[in-house]
> 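Dumping the structure here so I can ask a few things about it.
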Amino acid sequence: MDLDQERLMAALPTAVMVVDELDRLLLLNPAAEQLFDISFASLKQAKLARIIAEDHPLFLLIDLCRTRQGLITDHNLSLASPIIGSHTVSVDLAPVDPEGKTIILSIVPQTNTNKFAEHWKQRSVARTMDGFTAMLGHEIKNPLSGIKGAAQLLSPIMD
């Protein structure tokens, strides 16, 4: 990898891993090092199974990506081990080479995604409440207008 590619990978805010056909770690960018609180230098050429159990669904996703030779996405995937801690993530996998042996994984902590979704959900609820309040006001105003009109008509009779 030349210097420009290294700078690009280092600048990415998304955690990125690259594994070869034997599931050895070829790359772990700084965002991934930070997410998993682990240094790539300590894992260089180590198998992914060193940090994630071999029976983890992530390995099935990697195999599926190799088989289909296309993008695979999964959400709410739990990555947990004594080495990397516990993380709920969204992961995108794609083959790097034409044979589909080398796979790149883009990993986004679900907390960020959940915060974004929660923000939009709250905005939607606020809009819904505004709409509900306007509708309720309208529904209350209509009968009150009728009552007010009837009271005005009865007012001269009552005097």
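Predicted model, so just to flag it, every value in this text is computed and none were measured. Side chains are part of it too, since the values below use all heavy atoms of this structure and drop only hydrogens, waters and symmetry mates.
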> Partners of Thr14 by side-chain hydrogen bond (donor to acceptor under 3.5 Å, both in side chains), sequence neighbours excluded?
none

> Side-chain polar contacts of residues 97-106 - donor-acceptor pairs under 3.5 angstrom, sequence neighbours left out - could you list them?
residue: Asp97; atom: OD1; partner: Gly100; partner atom: N; Å: 3.1
residue: Asp97; atom: OD1; partner: Lys101; partner atom: N; Å: 2.9
residue: Asp97; atom: OD1; partner: Thr102; partner atom: N; Å: 3.2

> So, for Ile107 and Pro109, which heavy atoms are closest and what is the spacing to 0.1 Å?
O-CD, 4.0 Å

> Is the shortest heavy-atom distance from the side chain of Leu71 to the side chain of Asp92 under 4.5 Å?
yes

> More than 12 non-hydrogen atoms from neighbouring residues, nucleotides or ligands closer than 6.0 Å to CD on Gln34, yes or no?
no

> How long is the span from the CD1 atom in Ile52 to the CZ atom in Phe59, to the nearest 0.5 Å?
6.0 Å

> List the atom of Ala31, the atom of Pro13, and the distance in Å for their closest heavy-atom pair.
CB-O, 3.6 Å

> Could you work out, with side chain to side chain contact (heavy atoms under 4.5 Å, CB included) as the rule, every residue matching Pro30, not counting sequence neighbours?
Ala10, Glu33

> Treating Ile, Leu, Val, Met, Phe, Trp and Tyr as nodes and any side-chain heavy-atom pair under 4.5 angstrom as an edge, say whether Ile72 and Leu60 lie in one connected cluster.
no

> With side chain to side chain contact (heavy atoms under 4.5 Å, CB included) as the criterion, how do Thr73 and Val91 come out once you've worked through the C-alpha distance, each side chain's angles and the decisive distance to 0.1 Å?
CA-CA 6 Å; Thr73 299; Val91 63; over 6 Å; no

> Identify all side-chain donor-acceptor contacts of residues 16-25 below 3.5 Å with residues at least two apart in sequence or on another chain.
residue: Asp20; atom: OD1; partner: Leu22; partner atom: N; Å: 2.9
residue: Asp20; atom: OD1; partner: Asp23; partner atom: N; Å: 3.1
residue: Asp20; atom: OD1; partner: Arg24; partner atom: N; Å: 2.8
residue: Asp20; atom: OD2; partner: Arg24; partner atom: NE; Å: 2.6
residue: Asp20; atom: OD2; partner: Arg24; partner atom: NH2; Å: 2.6
residue: Asp23; atom: OD1; partner: Arg66; partner atom: NH1; Å: 3.0
residue: Asp23; atom: OD1; partner: Arg66; partner atom: NH2; Å: 2.9

